[in-house]
There are 4 protein chains.
Amino acid sequence: MSKHEKSIEEAPLSRRAREQRERILSAAQQCFVKYGFHAASMANIAEAAEMSAGLIYRYFPNKSAIVLAIIEQQTEIELEDIRALSASTDFTEALVEAFAIWSKPTPDMRMMNAALFLETSAEATRDPQVAEAIQHADDLCFAEFRAWLARPREQGGVGMTAALSERRSLVFLCMIEGLAVRAARDPSMDLDLLRGALAEVMPRLIEE
Amino acid sequence: MSKHEKSIEEAPLSRRAREQRERILSAAQQCFVKYGFHAASMANIAEAAEMSAGLIYRYFPNKSAIVLAIIEQQTEIELEDIRALSASTDFTEALVEAFAIWSKPTPDMRMMNAALFLETSAEATRDPQVAEAIQHADDLCFAEFRAWLARPREQGGVGMTAALSERRSLVFLCMIEGLAVRAARDPSMDLDLLRGALAEVMPRLIEE
Amino acid sequence: MSKHEKSIEEAPLSRRAREQRERILSAAQQCFVKYGFHAASMANIAEAAEMSAGLIYRYFPNKSAIVLAIIEQQTEIELEDIRALSASTDFTEALVEAFAIWSKPTPDMRMMNAALFLETSAEATRDPQVAEAIQHADDLCFAEFRAWLARPREQGGVGMTAALSERRSLVFLCMIEGLAVRAARDPSMDLDLLRGALAEVMPRLIEE
Amino acid sequence: MSKHEKSIEEAPLSRRAREQRERILSAAQQCFVKYGFHAASMANIAEAAEMSAGLIYRYFPNKSAIVLAIIEQQTEIELEDIRALSASTDFTEALVEAFAIWSKPTPDMRMMNAALFLETSAEATRDPQVAEAIQHADDLCFAEFRAWLARPREQGGVGMTAALSERRSLVFLCMIEGLAVRAARDPSMDLDLLRGALAEVMPRLIEE
DNA sequence: TATGAATGAGGCTTCATTCAT
DNA sequence: TATGAATGAAGCCTCATTCAT
């Protein structure tokens with residue numbers, strides 16, 4: 001559904017193959033978080049995946065493909081985070097929790113990682129393929145936000161007009177992504193301060 | 001005082017030496033923006049600086065030192081940007097203009113670059129030296145914001161209480177850094193949309 | 001007698017085994033023609049043979065053995081080509097046709113291929129085993145030629161003396177092998193030009 | 001004059017640079033003769049050139065470029081050999097001597113090597129760049145031969161008609177290239193046999 | 001018999017860094 | 001001060017070969 005441009009030639013992977021791919025991606029994610037996309041070597045990844053470097057090439061054509069796979073995976077997670085956020089009963093608290101997770105050296109693949117997010121964003125500036133994936137993810141995030149903001153209140157939305165929802169979702173995305181930056185730059189920020197700061201701002205941005 | 005942790009052994013540089021350093025840093029900045037910290041090679045930098053690769057080592061002990069110098073330089077620029085923002089008569093318009101600059105492949109050293117900013121932030125996650133420089137820069141930015149927000153209105157400030165200014169400056173920093181992320185991820189965003197979105201949000205965050 | 005130096009330990013191959021070997025050699029030939037001995041990979045060959053890479057090792061101890069087998073096979077084919085040539089009613093036309101076949105990316109295993117022939121000849125320079133196989137094949141070719149040239153006219157031969165037939169068969173071999181070189185270097189040569197050139201030279205070399 | 005398609009960007013190489021290139025090419029030639037184009041590694045070449053592998057890349061962009069340079073150099077040598085042949089007073093003896101040189105593991109760069117010649121010819125079958133270089137060289141060789149054969153006898157030529165010279169130069173090229181094949185396949189052939197064989201054939205091919 | 005996953009060695013290439021000039 | 005040649009380590013990737021299944 002969110003996989004694009006590669007539906008061709010995708011042979012149905014065996015269970016083993018899928019597991020290996022997963023193993024590699026998990027190892028890659030760890031390494032990328034730890035060293036960055038460029039500084040992480042295939043040898044690092046192979047070691048983390050507990051396999052030989054050569055074997056990785058049975059499952060991915062090259063390092064770029066792994067980077068891209070991680071990026072796409074991260075964007076999907078980002079989208080899920082956004083969805084969870086807009087579905088939460090307490091938006092402010094949800095943001096605080098997101099920040100808390102982002103500011104930790106991620107132990108779990110199923111979570112966005114701030115450093116990865118920032119590096120990906122920077123990479124979008126240079127690599128057209130990354131830019132495209134990002135563009136796609138952004139569109140979905142925006143659509144998610146706008147849908148939520150424009151939905152009638154009785155359906156769990158905010159009941160904004162279409163025009164307003166567009167502007168406001170931009171502001172929200174900025175806030176969220178700004179929090180990701182904060183998570184990388186100041187991971188030990190006092191959560192209560194953050195909670196207080198958001199609590200007196202977010203409700204107003206939503207309510208009207 | 002703004003240069004920290006390296007006041008020792010810093011021999012007084014000759015004019016020539018300072019110019020050469022400047023030349024190298026300027027070249028490095030270009031290259032880092034274009035390729036990223038890791039992908040940019042010393043040869044790239046040397047070429048951009050129109051000097052031999054070997055000569056660079058007379059002014060910097062290694063590539064890391066250049067990266068660090070650029071990062072420190074960028075943080076200073078960031079601080080200046082923040083100062084300019086808080087001194088501007090039209091905060092919203094100033095933000096829009098900042099975004100417009102960030103989203104361009106920087107032509108001018110004296111401006112922050114979004115990709116560099118994000119990569120630096122990610123690097124802070126991994127390199128303690130970078131983290132420290134970032135921490136320092138962040139403190140100054142916060143102080144700047146808080147001073148502005150807490151200053152009486154008749155002195156060009158906003159007249160907030162100390163506690164409120166602390167919370168609000170965090171929100172502002174998030175917004176600004178969120179804009180930097182936007183600049184990298186969606187450099188062709190419609191400026192009017194952004195202007196509209198900010199115009200109906202920022203004033204309220206400032207006024208009270 | 002035509003298989004040399006390996007009559008020992010050669011267990012009687014089952015029918016299946018022989019077919020598999022044939023299948024592998026056919027695939028290898030295709031790949032070697034297409035990529036060359038070194039650039040063709042076992043994976044290439046396995047794919048062309050429609051079997052797994054591992055299975056190949058049940059029939060050949062290693063890649064070198066396949067190369068050698070192909071070389072030996074090619075030399076046998078070369079010998080057959082020579083025989084056909086000396087048995088043909090129109091020697092010149094037979095040469096032209098041989099050239100035409102050599103200059104095509106071989107569709108048929110049962111034909112010599114110019115690129116393979118040249119690569120094999122070069123390899124003889126380096127690998128003693130190849131050199132030996134070549135030497136053997138050469139001896140047979142010469143013998144074939146000499147027998148034909150020395151045989152009385154009434155028995156389909158040319159009726160040369162033993163000494164002359166030795167010298168002349170050397171010249172013929174040069175011409176033929178030179179044509180193989182031409183086939184590789186100038187595969188689109190005009191056949192009529194070639195026919196004309198040979199027609200006014202070959203008869204005289206044969207007749208006396 | 002015989003360098004084609006690369007007149008652009010060719011900065012005037014320093015003396016040192018030229019010597020290094022020469023050194024590398026000489027080493028490469030040795031290695032290619034010894035191992036073949038594909039089997040010779042950059043490490044082999046570096047060792048033979050007594051320099052680090054990395055340094056080679058200061059003078060050649062990649063291995064292919066070295067292969068191509070050697071091929072072009074060989075074709076030039078081939079052309080010179082042809083010229084020398086057509087200028088020699090005793091064509092037959094010149095051929096015998098050429099054979100004698102080709103059949104030795106070449107100690108001198110300034111000589112064609114049979115194995116290299118054959119491998120190059122085979123490679124022309126697969127690599128368009130090589131094919132082009134070969135094509136070019138072939139054209140020149142033919143032109144050389146034809147010019148000689150068509151030139152009046154009083155100017156040292158043979159005085160053939162244009163049409164005949166075309167056909168006959170094809171035959172000569174076949175003979176010469178056939179000798180190169182012989183040199184690779186049977187380097188210890190008896191030179192007297194060869195001399196005798198050629199002596200009774202070549203004069204007739206030239207005289208009329 | 002057959003597969004194809006797995007490895008390890010080795011190949012090509014890049015690059016930060018040093019050093020003779 | 002300045003060059004740029006030179007190195008060595010490391011990076012990415014391929015491939016012949018082995019082996020558990």
Side-chain angles (χ1 to χ4, degrees), chain A residues 14 16-17 19-20 23 35 38-46 49-67, chain B residues 14 16-17 19-20 35 38-47 49-67, chain C residues 14 16-17 19-20 35 38-47 49-67, chain D residues 14 16-17 19-20 23 35 38-46 49-67:
Chain A
S14 73
R16 173 72 185 203
E19 284 171 356
Q20 289 285 60
R23 196 181 181 70
Y35 304 115
H38 286 91
S41 73
M42 291 300 284
N44 291 152
I45 297 173
E50 289 173 293
M51 62 177 68
S52 73
L55 185 53
I56 295 180
Y57 289 84
R58 200 167 253 290
Y59 302 99
F60 294 90
N62 49 43
K63 188 181 168 185
S64 277
I66 300 180
V67 170
Chain B
S14 74
R16 171 60 184 244
E19 283 172 357
Q20 289 283 58
Y35 304 114
H38 283 92
S41 73
M42 291 299 282
N44 291 151
I45 297 173
E47 193 187 21
E50 290 173 290
M51 64 175 67
S52 71
L55 187 53
I56 295 181
Y57 286 82
R58 191 167 278 280
Y59 300 100
F60 292 91
N62 49 43
K63 189 181 170 184
S64 282
I66 301 181
V67 170
Chain C
S14 73
R16 172 60 185 245
E19 284 172 355
Q20 292 282 60
Y35 305 115
H38 283 91
S41 72
M42 292 297 282
N44 291 150
I45 297 173
E47 193 187 21
E50 290 173 292
M51 64 175 67
S52 71
L55 187 53
I56 294 180
Y57 285 82
R58 191 167 278 278
Y59 300 100
F60 293 90
N62 48 43
K63 189 181 169 184
S64 283
I66 300 180
V67 170
Chain D
S14 72
R16 172 70 185 207
E19 284 172 357
Q20 290 284 61
R23 195 182 182 69
Y35 305 114
H38 286 92
S41 71
M42 291 300 284
N44 291 152
I45 297 173
E50 289 173 291
M51 61 176 69
S52 72
L55 185 54
I56 295 179
Y57 288 84
R58 200 168 253 292
Y59 302 99
F60 293 91
N62 48 44
K63 188 182 170 185
S64 277
I66 300 180
V67 170

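Keep in mind that what you see is a predicted model, and the values were worked out from it rather than measured. Numbers restart at 1 for each chain; the letters A, B, ... are given by sequence-line order, proteins then strands.
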Nearest non-hydrogen partners of A/A39 and A/Y35, listed with the distance: CB-O, 3.2 Å

Interatomic distance, D/N44 CG vs E/dG11 P [rounded to whole Å]: 7 Å

If you pin C/S41 and B/A17 to their nearest nucleotides in DNA chain F, which one's is more 5'? B/A17

Consider the side chain of A/R58, meaning its heavy atoms from C-beta on, and name the nucleotide among F/dT3, E/dA5, F/dA5 that approaches it most closely. E/dA5

Please determine, for the side chain of D/Y59, which listed nucleotide (F/dA5, E/dT13, E/dT1) has the closest atom? F/dA5

Rounded off to whole Å, could you give me the CE-to-P distance for the C/M51 and E/dT3 pair? 7 Å

Closest contact, heavy atoms only, B/S52 versus B/A46: C-CB, 3.9 Å

Of the listed nucleotides (E/dT13, F/dT17, F/dT7), which one gets closest to any side-chain atom of C/Y57? F/dT17

D/L55 side chain, from C-beta outward: closest of E/dG4, F/dA16, F/dT7: F/dT7

Paired with E/dT7: which nucleotide, if any, by Watson-Crick or G-U wobble criteria at under 3.5 Å for both distances? F/dA16

Contact class for B/A40 (heavy atom, under 4.0 Å): base, sugar-phosphate, or nothing? sugar-phosphate

Earlier contact from the 5' end, DNA chain F, for A/A53 and D/E50: D/E50

Counting side-chain heavy atoms from C-beta on, which of E/dT17, F/dT17, E/dT7 comes nearest to B/K63? E/dT17

Show your reasoning for whether side chain to side chain contact (heavy atoms under 4.5 Å, CB included) applies to B/R58 and B/Q20. CA-CA 10 Å; B/R58 191 167 278 280; B/Q20 289 283 58; over 6 Å; no

Between atom CD1 in B/I56 and atom P in E/dT18, what is the gap in whole Å? 13 Å

Closest-nucleotide mapping onto DNA chain E: is A/G54 or B/N62 further toward the 5' terminus? I mean the 5' end. A/G54

Please classify the nucleic acid contact of A/S52 as base, sugar-phosphate, or nothing, using heavy-atom distances under 4.0 Å. base

